[in-house]
Amino acid sequence: CSNDSAEHYESRMNICVVLDNSYSMGHYTQRARDAFAPLFGDVATEPSAIIVFSRDAQVLSRNLTTKQQALDLVLPQQGNTNVTAGLRAGLECIQGAEARSGQPGAVHHVLVLLSDGEHNQGVSPEEAIPRDARLLRQMAPNLRLSVVVVGVTRSSKTSMGMVVKQCLETVAVPSMPPIYFARSASEMTDVLRSMSRALKAAQGRVLSVSPQYGPAPAPQGAGILDEIGRPPVTTRAILASGEPVPVCRGPRPASPSLD
């Protein structure tokens with residue numbers, strides 16, 4: 001790769017919180033709303049959203065710019081758990097924010113899913129989200145999206161969170177763990193504070209990087225290995241904070257070597 005192939009996007013961040021409001025969450029939902037509130041204004045630079053879901057999804061606001069606005073949101077009655085409805089509402093909010101940004105790919109979107117993982121109504125996320133992700137890439141090919149998954153209580157399903165993250169994420173944040181996990185309300189508050197600090201520290205430029213092969217055409221099957229077991233991709237978005245990330249260019253070895 002070379003610096004010529006890295007396209008820079010200055011730091012603009014939209015945050016969409018998708019929050020479980022099912023019976024099994026109990027008081028965790030309100031505690032989570034209060035813990036997420038500082039994200040709006042302190043971290044997000046764009047009007048952002050909180051969505052709650054139980055048997056269906058409800059967008060509480062898509063224009064949050066301050067902590068107090070989030071704290072003032074009234075939570076609806078709790079019900080069953082339709083994680084898929086919440087995620088789909090979140091993706092719709094993100095697509096809307098992307099359309100309003102004025103420049104495709106200019107905003108770094110962060111989807112935060114907090115749930116105890118007990119999906120029990122409607123089509124499962126594992127079945128629906130891969131299809132939704134393919135449709136999202138067709139409709140918004142330049143979308144810069146990071147996914148943060150927070151599991152609460154012992155019943156949360158790590159596998160569901162990983163499917164959501166792997167299908168939807170286009171911008172990795174190396175400083176954050178794949179999934180946050182909290183076993184109690186007090187631990188959840190600490191985890192969300194840690195996540196908020198990590199997001200704030202992760203604010204930086206999104207770089208779109210693609211390999212360059214000089215005058216010769218790209219070798220068959222060449223590219224960036226995004227995930228083991230999947231074919232290489234031609235471009236990859238990375239988050240760079242602080243100083244510019246050096247991207248090196250050099251001749252491709254004739255055969256693999258271990259040095």
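All of these numbers come straight from a predicted model, not from anything done at the bench. If you read the sequence from its start, that first residue is 1, and numbering goes on from there. Atom set for the values below is all heavy atoms of this structure, side chains included, hydrogens, waters and symmetry mates excluded.
Identified under the salt bridge (charged side-chain N to carboxylate O under 4.0 Å, His left out) test for residues 99-112, with sequence neighbours left out: none. Among pairs with a residue in residues 88-99, those fulfilling side chain to side chain donor-acceptor pair (under 3.5 Å) read Arg88-Asp132, Glu98-His109, at least two apart in sequence or across chains. Judged as a salt bridge (charged side-chain N to carboxylate O under 4.0 Å, His left out), not a single pair has a partner in residues 101-110 (not counting sequence neighbours).
Here Asp72 pairs with Gln68 under the side chain to side chain donor-acceptor pair (under 3.5 Å) rule; sequence neighbours left out. In this structure, the side chain to side chain contact (heavy atoms under 4.5 Å, CB included) partners of Gln78, at least two apart in sequence or on a different chain, are Asn21, Tyr23, Met25, Thr29. By the side chain to side chain contact (heavy atoms under 4.5 Å, CB included) test, Ala140 is found to be paired with Leu143, residues two or more places apart in sequence or in another chain being considered. Under the rule for a side chain to side chain donor-acceptor pair (under 3.5 Å), the partners of Ser184 that lie at least two apart in sequence or sit in another chain are Ser186. Contacts of Ala49 classified as side chain to side chain contact (heavy atoms under 4.5 Å, CB included), with partners at least two apart in sequence or in another chain: Cys16, Arg62, Cys93. Annotation: side chain to side chain donor-acceptor pair (under 3.5 Å) contacts of Thr65 (sequence neighbours excluded): Gln69. Residues satisfying the side chain to side chain contact (heavy atoms under 4.5 Å, CB included) criterion with Asp34, sequence neighbours excluded, are Gln30, Leu71. Ser22 is linked by a side chain to side chain donor-acceptor pair (under 3.5 Å) to Asp20, Ser24, Thr81, counting only residues two or more places apart in sequence or in another chain.
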- Apply the test side chain to side chain contact (heavy atoms under 4.5 Å, CB included) to residues Phe40 and Thr66: give CA-CA distance (whole Å), side-chain angles for both, the deciding distance (0.1 Å), then the verdict. CA-CA 5 Å; Phe40 308 102; Thr66 68; over 6 Å; no
- Query: Going through the checks in order, is the side chain to side chain contact (heavy atoms under 4.5 Å, CB included) test met by Ser196 and Arg193?
  - Reply: CA-CA 5 Å; Ser196 298; Arg193 286 174 180 163; 5.6 Å; no
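Contact annotation: the side chain of Leu111 never approaches that of Ser146 to less than 4.5 Å [non-hydrogen atoms, C-beta and beyond]. Inter-residue side-chain proximity for Asn80 and Ser54 is flagged as unmet; no heavy-atom pair is nearer than 4.5 Å. Residues Gln121 and Phe53 are not in side-chain contact: their nearest non-hydrogen atoms beyond the backbone lie 4.5 Å or more apart. Between Leu75 and Val52, the closest side-chain pair of non-hydrogen atoms falls below 4.5 Å. By the 4.5 Å heavy-atom criterion applied to side chains, Met162 and Val149 are not counted as neighbours. With a 4.5 Å cut-off on side-chain heavy atoms, Tyr180 and Val148 count as touching.
Criterion: ILVMFWY side-chain heavy atoms under 4.5 Å apart, direct or through other members. Under it, Leu87 and Ile179 are part of a common hydrophobic cluster. Using a 4.5 Å cut-off between side-chain heavy atoms of Ile, Leu, Val, Met, Phe, Trp and Tyr, with links allowed through other members, Val163 and Met160 fall into different hydrophobic clusters.
The hydrophobic cluster containing Leu135, built from Ile/Leu/Val/Met/Phe/Trp/Tyr side-chain heavy atoms closer than 4.5 Å, also comprises Met139.
Between Ala57 and Ile51, the shortest heavy-atom contact is CB-CG2, 4.3 Å. Summarising the geometry of Met195 relative to Phe36, their closest heavy-atom pair is CE-CE2, 3.6 Å, with the distance given to 0.1 Å. Smallest separation of non-hydrogen atoms from Ala32 and Leu19: CB-CD1, 3.5 Å. Minimum interatomic distance between Ile129 and Cys167 (heavy atoms only, all atoms of both residues): CG2-CB, 4.0 Å.
Exactly one residue among Val173, Val171, Leu168 makes a side-chain contact (heavy atoms from CB on, under 4.5 Å) with Val147. That residue is Leu168.
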